[in-house]
Amino acid sequence: MQYAHDVRSFVFSHYAYRGVRTAAGVIGLAMLAMNFTDMRTAMVVSIGALCTAQMDLPSPLRHKFNEMLASTLLCTAVTLVVSLASGIPWLLPILLVAISFFSGMLTVYGNKTMPLQFSMLFIMALTLMGDFAFRNALTHALLFAAGGFLYMAYALAVSWLLRRRTKEQILAECLFEQAQYLEIKAGFYDMSVDFDAQFNQLVRQQIVLAERQQMARDLVLRDVRTAEDRRLLQIHLRMLDVYEYILSTNTDYQTLRKEFAGTDILDFLGRMVHRLQEDMEDVAYAVTRNRASYATTDYAADIRAIETELSELGHSPHGISQTAMTALSDTFEMIRGAVVLIGQLHAATRAEADAGAGMSIGEMTAFVTRQKYEWRSIVQNLTWRSPVFRFAVRIALAVAAGLVVIDRLPYAAHGYWILVTIVVILKPTFSMTKQRWVDRVIGTVVGCIVAVLILRFIHDPRVLLVLLFISMAAGVAFVTIKYRYTVMATCIQILLQFNLLMPDSKALVSERIIDTLAGALIASIFSFVLPNWEYRNLPRLVENVLDTNRRYIRATRDLLLGVSPSDFLYRIHRKQFMDSLSALISAFGRMLDEPKGRQRAVDNLNRFIVQNYLVAAHVAAVRILLLQRIHQLDPVTARQGVETATNAAYDSLCLASERLREGNVPEQTGVGVQIEQAEQRIDTREHVADSADRAAVLGLPEAVADEAAHPDAAHLLDRRLRALRADAAKIALRTGGIGRAMRKRDD
């Protein structure tokens with residue numbers, strides 16, 4: 001189920017709440033201003049509110065205050081400067097290009113400042129069409145600032161009153177995305193589903209899940225004061241426990257599909273994982289409605305069916321390998337353990353546990369985002385090698401081209417729509433620009449058609465005002481989840497506003513479409529000017545994954561050997577590793593949207609991502625196995641196995657970094673020789689060489705086929721540790737090819 005696209009969950013989401021809050025604030029301030037002044041003045045106030053509202057995002061209150069204050073001050077400064085320069089023809093274009101460049105440089109602070117960058121360019125485009133005397137410019141800027149500060153006060157007050165509700169909404173969305181993660185995992189047991197496509201879908205869901213988990217941390221781990229705050233913290237911690245558990249089941253799908261195709265056992269396992277997904281969605285529904293959750297899913301029949309099937313397969317005369325039976329039994333135990341943990345998650349919604357046990361305030365703070373906006377970050381990126389600088393130059397040039405086109409239009413009333421279209425579409429990456437281009441054009445055409453139909457059949461101003469409110473709310477609600485809907489809603493909103501202000505306007509729809517197409521064309525052309533192709537960033541992201549993976553392996557080793565007194569460092573490094581992997585996956589996905597000639601090492605990168613993901617799964621599986629069955633293991637043997645395997649994995653990841661940097665070795669060296677050199681530095685008996693293993697099966701050598709039908713904990717631990725070493729070794733075998741491909745010159 002798609003959380004934001006399902007009506008049952010969307011109406012309770014922070015997306016819907018933000019849409020209603022923004023629409024109520026902007027339209028409410030406009031109506032309030034109309035009681036004291038004229039329509040034109042009220043519109044300036046409402047536009048100030050609208051620009052500030054772009055930064056009204058789910059954030060801790062302190063962050064929200066800083067973000068909205070920065071938006072109000074910067075946008076007011078832009079309004080004042082453009083207003084003052086409006087009567088100086090030679091100065092105005094220079095200022096507009098300079099503002100565009102500066103707004104582009106703000107993206108150095110990350111995605112959180114993208115709405116601020118848009119707000120600055122948006123108000124620049126709107127103010128461009130005015131003609132102000134000095135005093136009028138000051139008055140205009142003050143009215144704009146008044147609207148921004150009034151909306152800021154309103155939004156902060158509402159956010160403070162609904163701070164617990166916002167935590168619930170963000171946490172519920174994270175639970176829904178984790179349920180989606182389970183739904184994808186259930187597909188692995190369906191033989192009609194392509195394995196590689198399903199695994200790619202799984203690791204890409206990791207991007208969404210990692211982002212939602214961080215949003216939840218930033219809110220839930222802060223300001224834990226009341227019993228309700230502690231309850232939400234408890235739910236969050238149990239949710240992460242479930243996540244680690246289900247992550248650990250990612251290692252044996254190939255074996256199961258190969259050995260048990262055509263049997264009922266895969267259907268039973270898939271059905272059980274589907275039930276886990278539905279169970280987690282029940283928890284999410286309860287959280288988003290501030291209710292206690294009770295388990296209603298009965299797993300007993302599924303468990304009995306799987307146990308019966310396991311017994312029959314164990315005595316099967318068809319010669320099923322011990323490797324496969326071990327994988328099957330282990331997978332079943334993992335799924336059954338997840339059932340227990342989801343039961344604890346239900347209990348957490350009822351506050352039936354000690355929330356935050358074992359985690360201090362200082363430890364919780366280490367997991368949250370720290371807001372830093374330093375001027376030196378901009379200064380350090382004033383270089384041609386910086387993607388941020390290249391984007392800033394690109395958008396400044398595009399705005400300059402837009403100004404030239406506007407100056408030559410046969411009509412001048414709404415030429416700023418061209419600039420707005422340019423700044424909406426042109427984004428730091430080619431992939432984002434391409435998607436925005438499609439959404440903007442399709443959304444505008446559809447929105448114009450809908451607006452024409454509305455105005456054709458509805459003439460009552462009160463009804464039109466209601467539709468105006470709905471369209472504004474929808475435009476804000478969908479801006480981060482389905483931008484095409486936002487464009488449609490915004491187009492309807494603008495045309496309704498113009499109709500209410502100027503009922504005799506006839507050419508608005510055609511002008512809107514023409515301006516949108518002109519702006520889209522300019523943005524499309526300039527997306528190829530000083531482009532920042534994703535492959536240029538990939539070596540840094542790959543190295544970051546290797547670095548965080550090494551630290552994760554070290555933290556795991558220290559935790560399992562008792563060197564670390566708690567799992568704090570383990571959790572920190574796990575988060576950093578999964579975040580770095582998500583960043584690489586995002587960049588890889590964006591590269592696939594770029595022209596074929598700008599794509600590099602597609603197969604090697606895809607395998608690199610999957611194998612790093614599998615390493616995380618192996619680590620989680622080893623930790624859970626030791627937690628649950630440590631009493632069945634010989635302590636000395638277990639310590640030796642863990643130490644040997646983690647050291648070998650660490651060495652393989654160090655080798656991977658070396659091979660990434662040495663990716664520009666002479667061609668005559670050859671891949672075969674490189675692999676041979678790598679194999680001299682790692683224990684080749686402990687990995688399956690992946691030079692030709694698109695469908696490689698993780699498992700033990702055939703020598704274990706004659707072991708007992710029900711392996712003990714030592715056997716399972718050995719198997720997991722061998723798999724960890726194997727995938728770490730495979731990572732080393734991929735990175736040389738990645739390094740060479742990244743150094744290939746542009747065509």
Side-chain angles (χ1 to χ4, degrees), residues 1-6 8-19 57-60 63-64 110-112 114-115 163-185 201-222 232-247 276-277 279-289 293 341-342 345 348-349 364 367-369 371 477-483 571-572 574-586 589 613 616 620:
M1 184 202 73
Q2 294 294 324
Y3 167 68
H5 298 167
D6 188 281
R8 295 173 299 168
S9 54
F10 180 76
V11 294
F12 290 94
S13 72
H14 65 91
Y15 301 109
Y17 272 51
R18 183 194 172 201
L57 304 169
S59 300
H63 288 195
K64 186 186 287 284
N111 291 335
K112 205 70 180 288
M114 292 288 284
R163 61 191 184 282
R164 179 178 57 79
R165 182 64 183 144
T166 303
K167 286 184 178 183
E168 290 172 348
Q169 291 168 330
I170 296 295
L171 186 56
E173 182 179 15
C174 193
L175 286 163
F176 276 115
E177 294 298 347
Q178 196 156 303
Q180 178 68 18
Y181 184 85
L182 275 169
E183 183 178 10
I184 297 170
K185 289 175 69 67
Q201 186 181 357
L202 183 72
V203 295
R204 280 155 181 74
Q205 176 65 14
Q206 176 62 41
I207 304 172
V208 180
L209 189 53
E211 180 184 329
R212 300 301 186 271
Q213 285 175 344
Q214 189 57 52
M215 288 178 65
R217 291 187 189 100
D218 287 341
L219 288 170
V220 175
L221 299 185
R222 280 187 168 99
L232 294 176
L233 172 60
Q234 176 180 301
I235 295 170
H236 175 74
L237 296 176
R238 297 294 82 75
M239 175 191 71
L240 293 180
D241 289 340
V242 175
Y243 168 70
E244 182 177 31
Y245 217 93
I246 60 179
L247 174 65
L276 286 170
Q277 171 218 336
D279 213 356
M280 183 163 283
E281 285 184 355
D282 288 343
V283 177
Y285 278 124
V287 171
T288 200
R289 290 159 176 76
S293 177
L341 287 177
I342 289 186
L345 185 59
T349 67
M364 288 190 288
F367 289 91
V368 301
T369 302
Q371 191 182 54
F478 287 103
V479 68
T480 59
I481 53 178
K482 194 69 174 178
Y483 186 70
R571 289 179 177 271
I572 282 285
R574 181 184 66 186
K575 173 188 176 297
Q576 291 173 347
F577 172 48
M578 298 309 289
D579 287 348
S580 67
L581 189 58
S582 296
L584 176 61
I585 296 168
S586 296
Y613 193 76

Value rounded to 0.5 Å, distance of [atom1] in [X] from [atom2] in [Y]:
X: Gln180; Y: Gln277; atom1: CD; atom2: CD; answer: 7.0 Å
X: Ser13; Y: Ile481; atom1: OG; atom2: CD1; answer: 6.5 Å
X: Tyr181; Y: Gln206; atom1: OH; atom2: CD; answer: 5.5 Å
X: Ile207; Y: Glu211; atom1: CD1; atom2: CD; answer: 9.5 Å
X: Lys575; Y: Ser580; atom1: NZ; atom2: OG; answer: 10.0 Å
X: Leu240; Y: Leu247; atom1: CG; atom2: CG; answer: 12.0 Å

Q: Mind running side chain to side chain donor-acceptor pair (under 3.5 Å) on Gln213 and Tyr243 for me, showing each step along the way?
A: CA-CA 10 Å; Gln213 285 175 344; Tyr243 168 70; 5.1 Å; no
Is a donor on one side and an acceptor on the other found under 3.5 Å between the side chain of [X] and the backbone of [Y]?
X: Glu177; Y: Arg212; result: no
X: Glu244; Y: Ala620; result: no
X: Lys167; Y: Leu233; result: no

Indicate yes or no: at least one non-hydrogen side-chain atom of [X] is less than 4.5 angstrom from one of [Y].
X: Met578; Y: Tyr613; result: yes
X: Arg164; Y: Leu232; result: yes
X: Val283; Y: Val287; result: yes
X: His63; Y: Asp218; result: no
X: Gln169; Y: Arg18; result: no
X: Val220; Y: Ile170; result: no

Q | The single option from Val242, Val208, Leu345 passing side chain to side chain contact (heavy atoms under 4.5 Å, CB included) against Gln178 | A |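 Output: one option passes, namely Val242.
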Q) Looking at Leu341, Ile342, Ile246, which one forms a side chain to side chain contact (heavy atoms under 4.5 Å, CB included) with Leu276? A)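 Exactly one pass, corresponding to Ile342.
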Taking all atoms of both residues into account, what is the closest heavy-atom pair of [X] and [Y], and its distance?
X: Leu175; Y: Ala284; answer: CB-CB, 3.7 Å
X: Pro58; Y: Thr166; answer: CB-CG2, 4.4 Å
X: Phe478; Y: Phe10; answer: CZ-CZ, 3.8 Å
X: Ala210; Y: Asp579; answer: CB-OD1, 4.0 Å
X: Ala348; Y: Gln234; answer: CA-NE2, 2.7 Å
X: Met280; Y: Ala179; answer: SD-N, 3.7 Å

(Q) Which residues pass the salt bridge (Lys or Arg N to Asp or Glu O under 4.0 Å) test with Arg289, not counting sequence neighbours? (A)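 Counting only residues at least two positions away or on another chain, Arg289 forms no salt bridge (Lys or Arg N to Asp or Glu O under 4.0 Å).
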**Q.** Trace of the side chain to side chain contact (heavy atoms under 4.5 Å, CB included) decision for Met239 with Leu171
**A.** CA-CA 9 Å; Met239 175 191 71; Leu171 186 56; 4.2 Å; yes
Q: Just say parallel, tilted or perpendicular for the rings of Phe176 and Tyr285, cut-offs at 30° and 60°.
A: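 Phe176 and Tyr285: perpendicular rings.
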Q.
Quick one about Gln205 and Gln201 (side-chain donor to acceptor, distance below 3.5 Å, no hydrogens or angles considered), yes or no?
A.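 No, no side-chain donor-acceptor pair sits under 3.5 Å.
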